[in-house]
Amino acid sequence: MKDIKPYIDQHKDRFINELVELLKIPSISADAAYKNDVLKTADAVKTALEKAGCDNVEICETPGYPIVYGEKIIDKNLPTVLVYGHYDVQPADPIELWDSPPFEPVIKKTDKHPDGAIFARGACDDKGQMYMHVKAMEFMTETNQLPCNVKFMIEGEEEVGSESLSWYVKRNQDKLANDVILISDTGMISNTQPSITTGLRGLSYVEVEVTGPNRDLHSGLYGGAVANPINILTKMIASLHDENNHITIPGFYDKVEELSLDERAEMAKAPFSLDAYKSALDIDEVYGEDGYTTNERNSIRPTLDVNGIWGGYTGEGAKTVIASKAYAKISMRLVPNQDWVEITELFTKHFESIAPKAVTIKVTPHHGGQGYVTPTDNIGYKAANKAYTETFGVQAIPQRSGGSIPIVALFEDELKSKTILMGFGLDSDAIHSPNEHYGIFNYLKGIETIPLFYKYFAEMTM
Ligand code: BES
Ligand code: MN
Ligand code: MN
């Protein structure tokens, strides 16, 4: 394969400008007000795939947002890589905490990105990372050296649970048949130490509602004599962890796989500075489950977190009131073997059981998904590692991530293939946060590394 570096040098301004244009469209899947923008982004991705040399590019309708599909089948005897990514983004709020508007991309230098980074919602998650694959494809088709068949499948509902993609995958197994799935939607350790994500956590996301009296009450006339749903809800939530920060839901840990001491020792070899971690977050101390390190707590251990809590009076000044209702949104990150449907049921049963008779409880499941782990002794992993080793000059480190991409487990069930997670983001890139950004270095390095994955995957398969 010809060296891609001259091609990148020649075209990098255009690569950056094209991404900037894509980032200007606010494709927020969670908010129906942005429906037209989400659809417009799908069209933009379709055009980009066509320009990159894909055939049969189409907007595939689903019950929700469409899937953009495109392919280049050059030889039935060659292996097929299925590239997945998402063109939707998270909402931008709290908007006032952005230093520049979320959909008006700007390039600025940061400590971690001395070559500059593009600041915009979706820059890293996932438009920037998805678009690296489109540009890598452009290089391989323009220079006539595509080593594999390629199928692209880019969805628009990842940030809201990928329901339509599940629907689509279940109906299109033959069309999507592949030898390996390639995704860039995760992170790596640093710009000098690449890593390959070998695990993702599962997720169960629920909303709870606690109802006390049938209307808001004067907190003097009734206070002390009826249940205050906010007091009750906070007490119930507090009881979900014990003094060691273990989760108290009966059966919650039953299927959790304990790693061997050897595996944990292997994990601990990955470069990590607790001081740098704390100072990046402005915290004096970390906090979590007893008996586990920070990197274990956020990857191989399940968690339960309140993501939002509301009820009662939160306006200016004081209002003396006992609210009729209190609410919380709760997520549980799960590890492989924990089944999200089962965990959701365990949560619901437990939460109802700990409520005093003075209130009624409603638990509404939102979405969820299974976790994922992949061994490192497969061709996909080896090809990826070889590609990184060539472009970074050091081997990649396998690393289990705390984040979730629920569709990956579904791919394994429905399409029977393994996913290789070649993420190029950094933890400091602020995905889902104000001032999300993606390093120019990371973007171009991704474009440089991806074609080598194809090359080595083809070589190792044939
Ligand atoms: N790309 C992220 C997941 C991710 C980021 C995994 C970094 C590993 C490292 C993805 O877009 C995401 O945000 N997933 C959601 C789950 C989804 C069901 C809303 C998540 O992890 O919260
Ligand atoms: Mn993502
Ligand atoms: Mn995301």
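Residue indices begin at 1 and follow the sequence shown. Indexing begins at 1, ligand by ligand and atom by atom, following the structure's order.
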Step-by-step side-chain hydrogen bond (donor to acceptor under 3.5 Å, both in side chains) determination, Ser164 to Glu157: CA-CA 7 Å; Ser164 298; Glu157 285 180 16; 2.9 Å; yes
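In Asp126, neither the side chain nor the backbone holds a heavy atom less than 4.0 Å from any atom of ligand 1. Contacts of His86 with ligand 1, taken as heavy-atom pairs under 4.0 Å, involve the side chain alone. Under 4.0 Å from ligand 1, not a single heavy atom of Ser162 appears.
Of the protein's non-hydrogen atoms, Glu158 OE1, 2.6 Å is the one closest to atom 11 (O) of ligand 1. Looking from atom 19 (C) of ligand 1 to the surrounding protein, the closest heavy atom is Glu159 O, 3.5 Å. Protein heavy atom at the shortest distance from atom 4 (C) of ligand 1 is Asp185 O, 3.6 Å. Taking atom 21 (O) of ligand 1 as the reference point, the nearest protein heavy-atom neighbour is Arg333 NH1, 2.8 Å.
Taking only non-hydrogen atoms, the option from Ser29, Ser401, Ser331 nearest to atom 9 (C) of ligand 1 is Ser401. Comparing Gly403, Ser299, Ser404 against atom 3 (C) of ligand 1, the shortest heavy-atom distance belongs to Ser404.
Listed by chain and residue number, the protein N/O/S atoms under 2.8 Å of the Mn ion (ligand 3) are Asp125 OD2, Glu159 OE1, Glu159 OE2, His432 NE2, with waters left out.
Checked against a 6.0 Å centroid threshold, the rings of Phe15 and Tyr443 do not count as neighbours. Taking the six-membered ring for Trp and the full ring otherwise, the centers of His437 and His113 sit less than 6.0 Å from each other. Proximity of the aromatic rings of Phe411 and Tyr84 is defined here by a centroid distance below 6.0 angstrom, and this criterion is met.
Ligand 1 has at least one atom lying under 4.0 Å from a heavy atom of His432. Ligand 1 has at least one atom lying under 4.0 Å from a heavy atom of Pro406.
Ring planes of Phe103 and Tyr34: tilted class, angle from 30 to 60°. Ring pair Tyr388/Phe392 is tilted by interplanar angle, where 30° to 60° counts as tilted. Relative ring orientation between Phe453 and Phe457 is described as parallel, the plane-to-plane angle staying below 30° on a 0-90° scale split at 30° and 60°.
Atom-to-atom distance recorded for Ile450:CD1 and Lys445:NZ is 12.5 Å, nearest 0.5 angstrom. Taking CG from Asn178 and CE from Met153, the interatomic distance works out to 8.5 Å, rounded to the nearest 0.5 Å.
Contact atoms of ligand 1 toward Ile431: 5 (C), 7 (C) (distance under 4.0 Å to a heavy atom of the residue).
With 3.5 Å as the limit, one finds no donor-acceptor pair spanning the side chains of Asp305 and Ser331. With 3.5 Å as the limit, one finds no donor-acceptor pair spanning the side chains of His241 and Thr248.
Considering Arg297, Arg333, Arg301 in turn, Arg301 is the only one that fulfils the salt bridge (charged side-chain N to carboxylate O under 4.0 Å, His left out) rule with Glu289.
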